[in-house]
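By convention in this document, chain letters (A, B, ...) are assigned in the order of the sequence lines, proteins followed by strands, and residues within each chain are numbered from 1.
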Amino acid sequence: MHPEKYPEYKDSHIPAQEQEILHFWEENKIFAQSVQSREGQASFTFYEGPPSANGMPGIHHVMARTIKDIFCRFKTLQGYQVKRKAGWDTHGLPVELSVEKELGITKEDIGTKISIEDYNRKCRETVMKYTDVWGNLTRQMGYWVDMQNPYITYQNDYIESVWHLLKRLYEKGLLYKGFTVQPYSPKAGTGLSSHELNQPGTYREVSDTSITAQFKVVSEEASAFLFARPGEDVRILAWTTTPWTLPSNGALVIGEHLHYAKVNTYNPYTHLPVSVVLAKDRLSAYFNPKAADQPLGDYAPGDKLIPYAIEQEFLGKKLVGLRYEQLLPYIVTEELQAKAFRVIPGDFVNTEDGTGVVHAATLFGGDDFRVTRQHDIPAVVAHDESGNEVPLVDKQGRFVKEVSDFAGRYVKAEYERDETLADPQYKSTDVLIAIKLKEENKAFKVEKYVHSYPHCWRTDKPVLYYPLDSWFIRTTALKDKLAELNKSINWKPASTGEGRFGNWLENLVDWNLSRQRYWGIPLPIWRSEDGTEEICIGSVYELYEEIEKAREVGLMQENPIGAHEIVSEVKRNKKGEVIDSQVIDAFFSPNVFDLHRPYVDKIVLVSPTGQPMYREPDLIDVWFDSGAMPYAQWHYPFENEAQFGQHFPADFISEGVDQTRGWFFTLHAIAGLLFDSVAFRNVVSTGLVLDAEGRKMSKRLGNAVDPFKVMATYGADATRWYMVANANPWDNLRFSWTTPEEIKEGKPEKSDKIEEVSRRFFGTLRNTYAFFALYANLDGFRFEQADIPLSERPESDRWIISRLNSLIREVGEAYQEYEPTRAARLMQDFTTDDLSNWYVRLNRKRFWKSDYQQDKIAAYQTLYTCLETLAVMMAPIAPFYSERLFRDLNEVSQRQAFASVHLAYFPETQAEAIDADLEQRMALAQKISSLTHALRKKAKVRVRQPLKKILVPVLDETTKSQIAAVSDLILSEVNVKALELVGDDSGLVVKRVKPNFKTLGTKYKQDVKNVVALIQNLGKQEIAQLERTQVLEKEGFALSLEDVLIQSQEVEGFSVESENGLTVALDLEITEELRAEGLARDFVNRLQNLRKDSGLEVQDKINVAVAATDPFVQAALLAHRDYIATETQALELRFADALAEGETFEIEAFKIQVQMQVVRE
RNA sequence: GCGCUUGUAGCUCAGGUGGUUAGAGCGCUACACUGAUAAUGUAGAGGUCCGUGGUUCAAGUCCACGCAGGCGCACCA
């Protein structure tokens, strides 16, 4: 059984309708069907970037998920099988912070007030706090993703896959232990996160000893330009506020584009002549201008004023590569001599203070570390007893023994005990270093300097930037490959791929995996205490086996991971005695063992030489978790190997642009490093959703938009459509809408774009459907007849079908190219402009007037086809209304075998139905109609008044025949009797020429202006001559026909309108005959209104009596009696002298009495 | 600071490879239409194309330098 009638809706509440559709989907498992029905077809792989269920979803999630949904649905319509597994990101700092907030604790309390065990248990509970809300959002917005079997990053299977990947990296030599330079508090013995460093009060004004040191330039070929005479002492000046880093100096950094100067002067401490190099902008800080004119030779040691002379100036890049002598040679190695002590460029150098030259100590500064790495400058290091490389300052903040002069001394006075500081003889290390440098002619200036410096929030002591152990993935080793692979990825927008992502890859540094935290995937590496032996565990079973080894040597009492189950086969004789027993197999059965901390920390393994090995305490970066999802979501390689193979790499992913260095990178890196492949082929990076003022949405500002509220007001479709159609997904979206409360309060000045979409697009589409349903139901049209061939349908039908097919092609291409905005706008324009405003408006009469014959059926079929096709094409963006529309149509017609639009197939373009010429003709018809309307308006002649003719001057034959073909359409649209095309020969057309700049520009260059003036002043004869002979000589210029555009802009004797070269003239003369017809039409109009006001149904018949005194009116009505009767469905139109009762119509100056009676059958 | 991105009408956005009158929708104003009617159509007003300089016969479009907003990076997830 299927319905006979198309549903007609009165006063429909859209969100409620969407609820109905949700129920339909759920009851009939449409989502599951949309996947199952594509079984065996090519698969289209989509990866869901896991959201953290730890926070509430915002409106931007609707944006991101709409984009994901669109392409998954589109590909399904194309016949691909699109599985989409949901996922949850469950680890990481935000979870920890929210737990700490909830419990009112800090990181400090972990291990004391709360055990790691309890803390992690709390994290596990908290992280899924909002899953219900997320589930609701997913459902409400119509986002189809498989929430039944999501991957969850904290699950053991997931962790095991991650471990497997880490082990593979380890085996390839891509996982190593190194260090990063981080803020470090020697007194607390711990690194500080930037979070901790951003606490109020950590940055304080302190007064430090600052030293401007002299670095002696090595005289060689590259530096020859600096040496004015043999044996000259040339030194580069560099300034530091941390003198304790000077023994570790490895390079000097300059700004390539900064200006530097070489100055001849004397050292203020040793009084020796010296030539120093520093930034030109900094000269005034080091030299007194009063001494500028003083001859160098006049200087005597001890003089207050030290003379100086600027010898030469140059750009910083000239200094790059120069070598200098090591300042404090405590550590001397061949490698250092070969590679270090060079001038290198750095983009962070400025001339606000110092000398414009920055001293770099690889291990004691973030910039220093980065810039020296980039230029392959080795770090200055000592060695401990085990031969490991160690920095020149130990973890307590003291110089190591190699720094002989200061061995064992704290590098900062603040670290000393109070008694030590109380000693009047005490001199800080900074000061001692300054003294030493002064004595050795290596200091140019020493002074106290007040600046802001970070302090540890726990000990109040200054922090050091210090190298701390970290585990890294050697991404730099495969940098080129990653960049190469990136080129094959289709990025939307392309600039994110080439620019943001491409640059990131170019400047890639090794990926620091280490996090000193509690809730995350533990690094599966066990190490002996001396660091000489280590093992990386790649599976739960491997861990089991290693524990067994440890158990054998007594390091572990039991094996918490699992057990081998020994299965024995025992044979007994009849008496029940054992005659044979045999171990036939051993199965490993894992225990329920949480792979998180603290449990894994308790596991001690044994090295091949018998040393105990302890787990490296770090957790891994949660970004590795999410980057591992292509593998770990399937528990690959332990299970689902085939599944994985089929679904790698992804065809499509999409996330916010802020994920560029996040998920996009980690996916790419892991796939590139381990699988020599991209992880995704197409990626749409979406922009941000901002508030109406362009500010970022945040809880703090209170401008966050609640997605549920928006959808409850306008429904998911309008919200989705608005987001897609309004701007490209990669542009930021200014989300503007008016809440129901604001409407009540009356805030009309705020624009509401969702409402606009809802009304303008969905409203029009609903109206168009309602129009169709109304008449189709009356006529019983159920699309039972065969399709009427296009050739037998009228021009306007063929036109809209042609437009529809063009639309199918364009929309298909737009989706295919991941341009959803283009697709949405195309469909929107088609619906409002072509379908509703032109096709339906022009063809209304065919639906309600004529008999139920071929022409009418053609009209129904045409409109039906447009609506149905539109429903399928818009389904990816507006899954709800498209479903409603499709089902409302299809339930009656049963044309398609699908219960849901989402099971249907994307329409194919019928190339033969596209008629470019027809589309051009119709465009002309639209333009001419519009111009005619404009003329009527100007003359204040109402549309119901028929007019005699319109004149259209046309010069070329193609346009002529095109207009002729659509003249009937135009005439009925504008209510004019005739359309006359006037050609060249009529003598009515006045021609105008416009310069064609494209040809003129290349031909005349500078003379263009003169030629243009010439062309604009061409007379009638000259234009005619140019047309005839193709050329015209005037004032020395040889014009050819292609240099001008000829247009007919006027018609003699008529008022005209023109646009883009098309001109229309309207004959405004109204004959008596026309006037009578106009009156009849007005009469019909009034009568129709009366019918409607009286509440008659469309199909009701009436009898009409008219009393009109004026002879003109009588004659007019009589002459058009049949017309009036047909239009108004009057069975009888009777004329009377006077009527006792009834309505009075006022038309022009006439009063007409009318009585109307319904005819009941 | 570095990198990416955006800036066009009151609002939201279009404006291949440079071509002279810069467009659309909404909003506003006026008018029209009235068997799609809590719809619809037509027209009008509304622009320093962020600024400055340059290239060019010609710049919203190309180049340089700025200004403003947004995002990312600066070892934060």
Margin query: Taking pairing as Watson-Crick or G-U wobble with both contacts under 3.5 Å, can you name the mate of B:G19, or confirm there isn't one?
Written below: B:C57
Notebook entry, point to check: Quick one: A:D829 CG to B:G23 C1', roughly how many Å, whole number?
Noted result: 13 Å
Check: Quick one: A:N728 CG to B:G7 P, roughly how many Å, whole number?
Finding: 11 Å
Check: Are any of A:R844's side-chain N or O atoms less than 4.0 Å away from OP1 or OP2 of B:A36?
Finding: yes
Item checked: Separation of B:U12 C1' from A:E755 CD (nearest whole Å) -> 14 Å
Item checked: Opposite nucleotide pairing with B:A14, Watson-Crick or G-U, both atom distances under 3.5 Å -> none
Notebook entry, point to check: Can you check the A:R760 CZ to B:C13 C1' distance for me, whole Å?
Noted result: 14 Å
Item checked: Nearest-Å distance once atom P is located in both B:A9 and B:A22 -> 14 Å
Next item on the list: Looking only at non-hydrogen atoms, find the nearest pair between A:A718 and A:V757 and report the distance.
Entry: O-CG1, 4.0 Å
Margin query: Can you check the distance between B:U48 and B:G60, where both ends of the measurement are the C1' atom (answer in whole Å)?
Written below: 12 Å
Check: Across the strands shown, which category fits A:W504 at heavy-atom distances under 4.0 angstrom: base, sugar-phosphate, nothing?
Finding: nothing
Margin query: For B:U48, give the paired nucleotide (Watson-Crick: N1-N3 plus N6-O4 or O6-N4; G-U: N1-O2 and O6-N3; both under 3.5 Å), or none.
Written below: none
Item checked: Nearest-angstrom distance, C1' atom, B:A14 to B:A24 -> 7 Å
Next item on the list: Could you tell me if the ring centre of A:F664 sits under 6.0 Å from that of A:F501?
Entry: no
Margin query: With a 4.0 Å limit, can you tell me whether A:R515 has a side-chain N or O closer than that to the phosphate oxygens OP1/OP2 of B:A77?
Written below: yes
Next item on the list: Indicate, with a heavy-atom threshold strictly under 4.0 Å, whether A:R841 touches base, sugar-phosphate, or nothing.
Entry: base
Checklist line | Nearest-Å distance once atom P is located in both B:G10 and B:U17 | finding: 26 Å
Next item on the list: Indicate whether OP1 or OP2 belonging to B:G27 is found under 4.0 Å from a side-chain N or O atom of A:R759.
Entry: yes
Next item on the list: For A:Q828 and B:U12, give me the distance from atom CD to atom C1', rounded to whole Å.
Entry: 12 Å
Next item on the list: Taking only the side-chain nitrogens and oxygens of A:R517, find out if one of them lies under 4.0 Å from OP1 or OP2 of B:A77.
Entry: yes
Notebook entry, point to check: How would you label the contact of A:S836 with the nucleic acid (heavy atoms, under 4.0 Å): base, sugar-phosphate, or nothing?
Noted result: base
Next item on the list: Could you please name the partner base of B:A68, counting Watson-Crick and G-U wobble pairs only when both distances are under 3.5 Å?
Entry: B:U6
Notebook entry, point to check: Within the structure shown, what part of the strands sits under 4.0 Å from A:N767 by heavy-atom distance: base, sugar-phosphate, or nothing?
Noted result: base
Next item on the list: With a 3.5 angstrom cut-off on both distances, give the Watson-Crick or G-U wobble partner of B:G41, or none if there isn't one.
Entry: B:C31
Margin query: Measure CG/A:L733 against C1'/B:C11 and give the value in whole Å, please.
Written below: 13 Å
Margin query: Just N and O in the side chain of A:N726: are any of them under 4.0 Å from OP1 or OP2 of B:C13?
Written below: yes
Next item on the list: Could you check which nucleotide pairs with B:A77 in any of the strands shown, counting Watson-Crick or G-U wobble with both distances under 3.5 Å?
Entry: none
Margin query: From CG of A:N837 over to P of B:A32, roughly how many Å is that when rounded to an integer?
Written below: 19 Å
Checklist line | Separation between the C1' atoms of B:A43 and B:U52, rounded to whole Å | finding: 39 Å
Notebook entry, point to check: Rounded to the nearest Å, what distance is computed from the CG atom of residue A:D618 to the P atom of nucleotide B:C75?
Noted result: 18 Å
Next item on the list: Take atom P in B:A36 and the same atom in B:A30, then report the distance between them in whole Å.
Entry: 27 Å
Item checked: Pairwise P distance, B:U29 and B:A59 [rounded to whole Å] -> 39 Å
Check: How many angstroms lie between atom OG1 of A:T719 and atom CE of A:M63, to the nearest 0.5 angstrom?
Finding: 12.5 Å
